[in-house]
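Read through the structure below, which is laid out as structure tokens, and then see the notes.
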2 protein chains.
Amino acid sequence: MKKSEATRLTILQKAFELIYVKGYQTTSIDDILATTQVTKGAFYYHFKNKDEMGLAIISEILKPTMEIAFISPLQSLENPLVVIYDMMHHLLLENPFLKPEFGCPASNLIQEMTPWNTDFNNALNELTHQWEEHLIESLERGKQSGFVRKDVNARQVTLMVMSSYWGIRNLGKLDLGNDTYLPYLKELKSYLNSLH
Amino acid sequence: MKKSEATRLTILQKAFELIYVKGYQTTSIDDILATTQVTKGAFYYHFKNKDEMGLAIISEILKPTMEIAFISPLQSLENPLVVIYDMMHHLLLENPFLKPEFGCPASNLIQEMTPWNTDFNNALNELTHQWEEHLIESLERGKQSGFVRKDVNARQVTLMVMSSYWGIRNLGKLDLGNDTYLPYLKELKSYLNSLH
DNA sequence: TGTAAAAAATACTAAGCAGTATCTTTATGA
DNA sequence: TCATAAAGATACTGCTTAGTATTTTTTACA
């Protein structure tokens, strides 16, 4: 990798972590420069402004990351009810990057940016719809394979799964840790079982 | 009401609306002064600093508001599964103050403030636990009255209800309006029905 | 009505912010 | 190797921010 590409990438990665922890608006460019050891000249060589960097983070860091953790498991042909539960379990309890106190990066950005910035809205909307579509597809496949009852509405279930995940990440910020996640996961399991 | 109490209250109310729309950190004191027509001297007469105002908003505006919309319906002795569904329906579709593009005030504050400000964390934690406790109580009563299956875990269901509500408010920010809320509500209804 | 405190107005400070202008260094290819 | 552009460094600007200091007005009540 060329050196300039490397600095661009470290900016994106470190800024992503800072934004995940502190929020987008309260993460200043000077914060990013301080933690990356990059100078302002270099920063503004690579990005026209802060928002352009933010959008690059979504498309070049957040999107690929989400594809690995939120979408690729859904490609499996196993029972989607099990696949979905295992994915949630992994995201909440095992994923080493995601921390209860900081919630979910995508959900945080939606909360913070979406009402005011249409570019962020569009980028995050695309991301979300991708997850939604794959969840629906996986449930529909599950209906064909007999894992899921035929009368189940895949989009409705998808909305319940997505919303409860983002909600529990929010709730988990309050009294951190597993006293929130574990009973949630138990209920998610029995909800998913009820769809068989 | 004394005039000074009135200015204090308008500060709290208008600031609450601004924060609901723009977020806490990005709502400046000058913003608040501009919309309330109050001067800085008056503001700092009533509040030691911005955070003290924020905490006053939680305890004096947000808490009473939530008690009306999120808790008092749960006092009913009717079928809690119906009561809960109707409450959600009202919150998402009929409540005149809450707008899809701005999400839920409490959830927004949790997302934004909780990882960094322990005072906000405590205040919002109390608020949330109050809602949680009343939901649990109402479901337990429903178990006694035969509205809810005895093997249902009230706390688990409560976490599913709360998290999915906050999550759908987040999701609803993306493609505003009812194409998200309506199918969510349908699924919520069938989930709640499955608890009978 | 006079006076003391409550309430509010005004002007300011110091720090932080995104972004710019200008300069220096490093890489690249003829 | 040398000219040219890419990449990065430094110093600055103009603006916004939370909060303070000081003064003025309003209120309450003896």
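By convention in this document, chain letters (A, B, ...) are assigned in the order of the sequence lines, proteins followed by strands, and residues within each chain are numbered from 1.
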Matching residue for A:L109 among A:L127, A:L124, A:N121 - test: side chain to side chain contact (heavy atoms under 4.5 Å, CB included):
A:L124
Rounding to a whole Å, what distance do you find between A:F47:CZ and C:dA18:C1'?
15 Å
Flag the pair B:R155 and A:E187 as a salt bridge only when some basic side-chain nitrogen lies within less than 4.0 angstrom of an acidic carboxylate oxygen.
no
Within this structure, what is the OH-to-P distance between A:Y44 and C:dT20, rounded to whole angstrom?
7 Å
Starting at atom NZ of B:K50, determine the distance to atom P of D:dT20, rounded to an integer number of angstrom.
15 Å
Scan nucleotides 14-16 of chain D against the protein and return all N/O pairs shorter than 3.5 Å with their distances rounded to 0.1 Å.
none

Would a distance-only check, ignoring hydrogens and angles, find a side-chain to backbone donor-acceptor pair under 3.5 Å from B:H134 to B:Q130?
yes
Within the 4.0 Å limit for protein heavy atoms, which parts of nucleotides 25-30 of chain C are touched? Write it as a string from 5' to 3', B for base, S for sugar-phosphate only, - for none.
------
Between the base of D:dG19 and the side chain of B:K40, is one N or O donor paired with an acceptor at under 3.5 angstrom?
yes
If each of A:G41 and A:T27 is mapped to the nucleotide of DNA chain C with the nearest heavy atom, which maps nearer the 5' terminus, i.e. the 5' end?
A:T27
For the residue pair A:D86 / A:H90, report whether a side-chain donor-acceptor contact shorter than 3.5 Å exists.
no
Apply side chain to side chain donor-acceptor pair (under 3.5 Å) to A:S163 and B:N170, showing your working.
CA-CA 8 Å; A:S163 67; B:N170 201 236; over 6 Å; no
Tell me the interatomic distance from A:E5, atom CD, to D:dG8, atom P, rounded to whole angstroms.
11 Å
Please determine whether a side-chain nitrogen or oxygen atom of B:S4 lies at a distance below 4.0 Å from atom OP1 or OP2 of C:dA8.
no
In this structure, how many angstroms lie between the P atom of C:dA18 and the CG atom of A:L33, rounded?
9 Å
A:I29 CD1 to C:dA18 C1', in whole Å, measures 5 Å
OP1 or OP2 of D:dA6 under 4.0 Å from side-chain N/O of A:H46:
no
Taking any heavy-atom pair under 4.0 Å as a contact, classify B:F43: base, sugar-phosphate, or nothing.
nothing
Compute the ring centroids of B:Y165 and B:Y184, then answer whether they are less than 6.0 Å apart.
no
Salt-bridge contact A:E140-A:K143 (side-chain N to carboxylate O under 4.0 Å):
yes
Quick check on the 6.0 Å ring-centre criterion: do B:F16 and B:F97 meet it?
yes
Nearest whole angstrom, please: distance from the C1' of C:dA8 to the CZ of B:R8.
16 Å
Applying side-chain hydrogen bond (donor to acceptor under 3.5 Å, both in side chains) to A:R141 and not counting sequence neighbours gives none
Over how many whole Å does the gap from B:Q25 atom CD to D:dA18 atom C1' extend?
13 Å
